[in-house]
Amino acid sequence: MKIILAITGASGVIYGIRLLEEIKNEEVYLIISKNAEKIIEYETNYSLNDLKAFAKEFYREDEIDSKLASGSFIHDAMIICPCSLKTMACIANGIALNLITRAAICCLKEGRKLIVVPRETPLDLMSLENMVRLKRAGAIVLPAMPAFYYKPIKIEDLVNYIVGKILEQLNINHSLYRRYLDEEI
Ligand SMILES: Cc1cc2nc3c(=O)[nH]c(=O)nc-3n(C[C@H](O)[C@H](O)[C@H](O)COP(=O)(O)O)c2cc1C
């Protein structure tokens with residue numbers, strides 16, 4: 001599978017990192033925003049080089065002349081995880097500010113799968129409306145909202161739940177959390 005994964009500067013960059021680890025055997029084109037770089041340093045022990053090692057190709061947000069900025073770059077899905085409200089606002093309003101927003105807008109214009117994973121609470125009206133706009137435009141809006149029915153114990157369990165939800169949207173099998181109707185482990 002050919003996947004564009006973008007990590008932006010919202011809290012919860014670990015969601016994107018865990019997802020990257022899970023899909024490392026796919027063909028992953030990784031874009032990390034400048035603000036995400038700061039948050040990765042702030043919230044995790046991962047370096048940029050650690051993350052680059054999991055991807056086939058790595059891009060910075062200002063590489064607007066790269067192939068990912070073109071609708072003719074054919075891929076299976078783009079995921080923005082976590083997706084800052086700023087990045088979400090740009091996409092929802094057609095503002096191709098950088099490589100991430102441009103690639104996402106291309107995704108929508110070409111009818112490809114776009115999954116955005118916002119993380120913020122509470123939500124302002126503009127962001128709620130932006131989510132609706134994205135949904136109407138064909139994106140999958142998958143907020144980072146952990147559940148508790150599978151009795152998570154560690155932070156990793158909460159992270160894995162969201163990553164599992166994203167993998168399900170990609171039709172990738174996983175055993176990252178126990179589904180509601182599955183037998184108790
Ligand atoms: C420590 C920290 C945590 C942040 N957490 C969030 C967040 O959870 N959600 C969000 O939408 N923005 C968050 N922000 C604000 C974004 O980083 C900011 O809007 C930035 O412009 C996003 O840029 P980007 O989307 O290009 O990465 C946070 C900023 C900092 C410094």
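FYI, side chains are in, hydrogens and waters are out, and symmetry mates aren't considered; it's all heavy atoms of this structure. When a ligand or atom number is given, it counts from 1 through the structure's own listing order. Just so we're clear, the structure is a prediction, and the values are computed from it rather than from any experiment.
- Interface atoms of ligand 1 facing T8, defined by a heavy-atom separation under 4.0 Å, are 25 (O), 27 (O).
- Residue S33 has at least one heavy-atom neighbour below 4.0 Å for each of these atoms of ligand 1: 24 (P), 26 (O), 27 (O).
- Between L176 and L167 the shortest side-chain heavy-atom distance falls below 4.5 Å.
- Nearest protein neighbour of atom 14 (N) of ligand 1, counting heavy atoms only, is G9 O, 3.3 Å.
- The pair E43-K38 does not meet the salt-bridge criterion, since no charged nitrogen lies less than 4.0 angstrom from a carboxylate oxygen.
- Protein heavy atom in closest approach to atom 23 (O) of ligand 1: N35 ND2, 2.9 Å.
- In terms of heavy-atom proximity, R133 sits nearest to A92 at NE-O, 2.8 Å.
- Contacts of R119 with ligand 1, taken as heavy-atom pairs under 4.0 Å, involve both backbone and side chain.
- The side-chain heavy atoms of M78 and R112, taken from C-beta on, include no pair separated by under 4.5 Å.
- A centroid separation of less than 6.0 Å is found between the aromatic rings of F73 and Y29.
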Discussion item. Set out, in order, the CA-CA distance, both residues' side-chain angles and the distance that settles salt bridge (Lys or Arg N to Asp or Glu O under 4.0 Å) for E26 and K56, then state yes or no.
Written reply: CA-CA 8 Å; E26 310 290 336; K56 177 178 163 66; over 6 Å; no

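- Closest heavy-atom approach to atom 24 (P) of ligand 1 among the candidates E120, K86, E61: K86.
- Close contacts of ligand 1 with L85, meaning ligand atoms under 4.0 Å from a residue heavy atom, involve 10 (C), 11 (O).
- The shortest N or O to N or O distance between S84 and ligand 1 is below 3.5 Å.
- Ring geometry, Y177 versus Y149: the interplanar angle exceeds 60°, so the pair is classed perpendicular (tilted spans 30 to 60°).
- Distance from atom 5 (N) of ligand 1 to its nearest protein heavy atom, with residue and atom name: S11 N, 3.0 Å.
- Looking at I39 against ligand 1, only its side chain comes within 4.0 Å, counting heavy atoms.
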